[in-house]
Amino acid sequence: MSHQPQYIHVSVAWPYSNGDLHVGHAAGNFLPADIFARYHRLRGNHVLMVSGSDTHGTPITLEADARGISPVEVFEHYHRRFLLTQQKMGISYDLFTHTDTESHHRIAQDIFLLLRENQCLYSETQRLLFSEREGRFLPDRYVEGECYFCGYDSARGDQCDECGNLIDATRLINPRSKNAPDDRLVIRESEHYFIDLSRFSDPLLAYLEGHESHWRANVMQFTRNMIRRGVEEGLRGRPITRDLDWGVPVPLEGWDGKRFYVWFENIIGYFSASVEWAQNVGRPEAWKHWWYNPDAKIYNFLGKDNIPFHTIIWPAELMGISGLYHDGESPLNLPHDVPANEFMNIEGRQFSTSRNWAIWLPDILERYQADAIRYYVAMTFPETHDSDFAWEGFLARVNNELVAAWGNLVNRALNFAWRNFDARVPQPGALGDSDRAIIARSEAGFAEVGALLEQVRLRDALQAAMEIVRAANAHLSEREPWIRIREDREDAAASVYATLKVIDNLKILLAPYLPFSAQQLHEMLGYDGRLFGALEIHDFQEATHSHEALCYDPQGAIGNWSASELPPGQQLREPKALFTRLEPEIVESERAFLGAKREEREIS
RNA sequence: GGUGAUAUAGCUCAGCCGGUUAGAGCGCGGGACUCAUAAUCUCGAGGUCGGUAGUUCGAAUCUACCUAUCACCA
């Protein structure tokens, strides 16, 4: 199964660093990305997986205001926690950085200037709400007023909570500042840049046509209709700058009080983080293998709320800046796939951070194994529709599937060899038909599970691997080595050897999902070395600031997506249970956390 | 209001460019086994596929309308 290594770029939507990560982030964004990335790493492909904290945007400044601290303090606090949380989860980013680096600022500004030079932007005067007292324009989220649909008195600047209509803040009746209700706002004009999407309608449609066969139905249909409608009416431009003091500055004379819109700038992070990564590893041109190589494939992992940004705006931006930092012929690569996930609900209800209806990753990582969380969330991935995280389901899947089926298969086979075959992989002699069949079955898993992983059908791929687990348990029960060993030691050795070999294969098939226990199992089987590289937090110094980032170092990784060659006679290490069985009581105790007041605890 | 996705056994889901008695895992009931974290194996009972109306020899699978949920847009 040797093949030319491919260049696979895995980019993950950037979370706002204004609060901890919860299972929604894992389910929609970074866990599918990590599973996909780890699979490709095992395949021997060149993977570049990047993301980072979004340090800008009104969620950050709102949080800063609420706590009476600076936006920098807010984002640095949560950025640090993101690094620790994702390290514990084993999310193998080559680089998880943030958007307040000098590198990102410069690249975002370069992209803006090139888009402007290439006439992909236009400027227009907008009417916006201005606070004379504060001497600044107020973002919609800072504005309240009377709803012009229903008359509700405290409609927000972006949406009315009473009637649900979206609001144009300048049309609110008696608009006022949310923080200072007696501060009456006035309308003032301000010049802004817009991205001219209308000129990209045809190239975007052509781009979609090239990916029809493998994009998820919702992503493709939704995007296509949006663009088609745009072709009829002209895709509307979107403002990319706004009047703010927190964000990436607009690099033009006289634009001091303006910053980029956060969605324009954070999505550029996929590109800027790639460039930063290349810099960090001392190969400053290396990012081009993914961005300017026609054979490379870029995958964006995100939630469904983010689809149009990734399938319309970002590709348009990339088309508009092709050639940036590069002399060659090929254009910048566009996303090859945008496998957006739907949402994960909690115990039948929608996430709500304000009501604390959420499951916080730093908290549950204190109580459960990372692989157990990864397993349940992966089995429940909202790939085709919204799914539900239910603690009863967590308990059942961990105990019945992870512990009882997979963990127990490992445990019974290794224990048997440990006690009856001198702590070694038995010398098999002649294998029986069913021994050969189960080995063949597990070896076929590399093609079967691999094909599903490549289509980003991660739930199906995991299910396919678990079917092999069940077949292996059935094989062992049918062969009964614990009985056969009394009269035919060779026969028992054959069936146990076959089982260990199957387990060795399953170790790799499951490794993208269960990297921690796969490593433990690897060692119990008597191997040395690490299946994957190391995941570490490093500090990077720029001209005036330094920042921390999570970095995957592939050095020394020996894991390989290919059939086991388990050597007979190999010395085993003492088997220990891979997974902890959970008590039924956790269902009630975990449910009690939902909706209750939460204290943020130090991450150990 | 528009666009898209989703709606299948108690639960979680697969099947859906039409075609034999609608599949899997879990749960549940009956057997077997004891190497294993009371784990494993095996047999079985459970759905007529959100609703209505069509197309067709034949629809969970196609069409229209409706309902519900979610997202995006207005």
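Labels below follow one simple rule: chain letters A, B, ... track the order of the sequence lines, proteins then strands, and each chain is numbered from 1.
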Residue list, salt bridge (Lys or Arg N to Asp or Glu O under 4.0 Å) with Asp491(A), at least two apart or on another chain: Arg479(A), Arg484(A)
Non-neighbouring partners of Lys88(A) that pass salt bridge (Lys or Arg N to Asp or Glu O under 4.0 Å), sequence neighbours left out: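 For Lys88(A), the residues satisfying salt bridge (Lys or Arg N to Asp or Glu O under 4.0 Å) (neighbours in sequence not counted) are Glu366(A).
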Do you see a donor-acceptor pair shorter than 3.5 Å between the side chains of [X] and [Y]?
X	Y	value
Arg216(A)	Asn341(A)	yes
Gln369(A)	Tyr375(A)	no
Asn266(A)	Asp54(A)	yes
Glu342(A)	Asn218(A)	yes
Asp371(A)	Ser517(A)	yes
Glu265(A)	His56(A)	yes

Polar side-chain atom of Asp388(A) near backbone of Ala390(A) as donor-acceptor pair, under 3.5 Å: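 Between the backbone of Ala390(A) and the side chain of Asp388(A) there is no qualifying donor-acceptor contact (under 3.5 Å).
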Expected output: side-chain Asn420(A) to main-chain Phe416(A) donor-acceptor under 3.5 Å: yes
5'-most by nearest nucleotide on RNA chain B - Arg238(A) or Asn218(A):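 The residue whose closest nucleotide sits nearer the 5' end is Asn218(A).
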5' priority, RNA chain B, between Glu342(A) and Arg457(A) [closest heavy atom]: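 Nearer the 5' end of the strand: Glu342(A).
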Secondary-structure notation, RNA chain B, from Watson-Crick and G-U pairs under 3.5 angstrom (| other strand): (((((((..((((.....[...)))).(((((.......))))).....(((((..]....)))))))))))).
Nearest-Å distance once atom [atom1] is located in both [N] and [M]:
N	M	atom1	answer
C41(B)	A5(B)	P	39 Å
C26(B)	C65(B)	P	42 Å
C49(B)	G15(B)	C1'	10 Å
A14(B)	C35(B)	P	40 Å
C70(B)	C62(B)	P	25 Å
U20(B)	A74(B)	C1'	50 Å
G18(B)	U63(B)	C1'	13 Å
C17(B)	G50(B)	P	16 Å

Base versus backbone protein contacts along nucleotides 24-29 of chain B [heavy-atom cut-off under 4.0 Å; B, S, -]: -SSS--
Nucleic acid footprint by protein, nucleotides 31-38 of chain B - heavy-atom cut-off 4.0 Å, B for base, S for sugar-phosphate alone: --SSBBB-
Phe381(A) six-ring centre to Arg459(A) NZ/CZ under 6.0 Å and within 45° of normal: no
G51(B), syn or anti by chi within 90 degrees of zero: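 For G51(B), whose glycosidic angle is more than 90° from 0, the conformation is anti.
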Contacts of Thr353(A) that satisfy side chain to side chain contact (heavy atoms under 4.5 Å, CB included) - sequence neighbours left out: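 Here the qualifying residues are His22(A), Trp360(A).
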Side chain to side chain contact (heavy atoms under 4.5 Å, CB included) partners of Ser352(A), counting only residues at least two apart: Ser354(A), Arg355(A), Trp357(A)
Salt bridge (charged side-chain N to carboxylate O under 4.0 Å, His left out) between Glu467(A) and Arg470(A), intermediate numbers included: CA-CA 5 Å; Glu467(A) 264 178 50; Arg470(A) 278 178 227 110; 5.2 Å; no
Length of the line joining Ile312(A):CD1 and C73(B):P, which is rounded to integer Å: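 To the nearest whole Å, that distance equals 11 Å.
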Atom-to-atom span, CZ of Phe222(A) to P of U6(B) - whole angstrom: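 It is 14 Å, rounded to the nearest whole Å.
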Partners meeting ring pair (Phe, Tyr, Trp, His ring centres under 6.0 Å) with Phe593(A) (sequence neighbours left out): none
Ring pair (Phe, Tyr, Trp, His ring centres under 6.0 Å) partners of Trp215(A), counting only residues at least two apart: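 For Trp215(A) the ring pair (Phe, Tyr, Trp, His ring centres under 6.0 Å) partners, ignoring immediate neighbours, are Tyr207(A), His211(A).
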Is the distance from OP1 or OP2 of [N] to the nearest side-chain N or O of [X] less than 4.0 Å?
X	N	result
Thr384(A)	A14(B)	yes
His385(A)	A14(B)	yes
Arg459(A)	A14(B)	yes

Sorted by number, the residues of residues 344-360 of chain A with heavy-atom contact under 4.0 Å to RNA chain B: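 When residues 344-360 of chain A is checked for heavy atoms under 4.0 Å from RNA chain B, the hits, listed by number, are Gln350(A).
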Residues touching RNA chain B, which here means a heavy atom under 4.0 Å, drawn from residues 501-517 of chain A: none
Sugar-phosphate only, base, or nothing, as touched by Pro308(A) at under 4.0 Å among non-hydrogen atoms: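 The answer is sugar-phosphate, as Pro308(A) gets under 4.0 Å only of primed atoms, P, OP1 or OP2.
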Enumerate, atom names and distances included, each donor-acceptor pair closer than 3.5 Å involving a side-chain atom of residues 566-578 of chain A, sequence neighbours excluded.
from	atom 1	to	atom 2	distance (Å)
Gln570(A)	NE2	Leu525(A)	O	2.7
Gln571(A)	OE1	Arg424(A)	NH2	3.1
Gln571(A)	NE2	Ala423(A)	O	3.2
Arg573(A)	NH1	Glu523(A)	O	2.8
Arg573(A)	NH1	Tyr527(A)	O	2.8
Arg573(A)	NH2	Asp528(A)	OD1	2.5

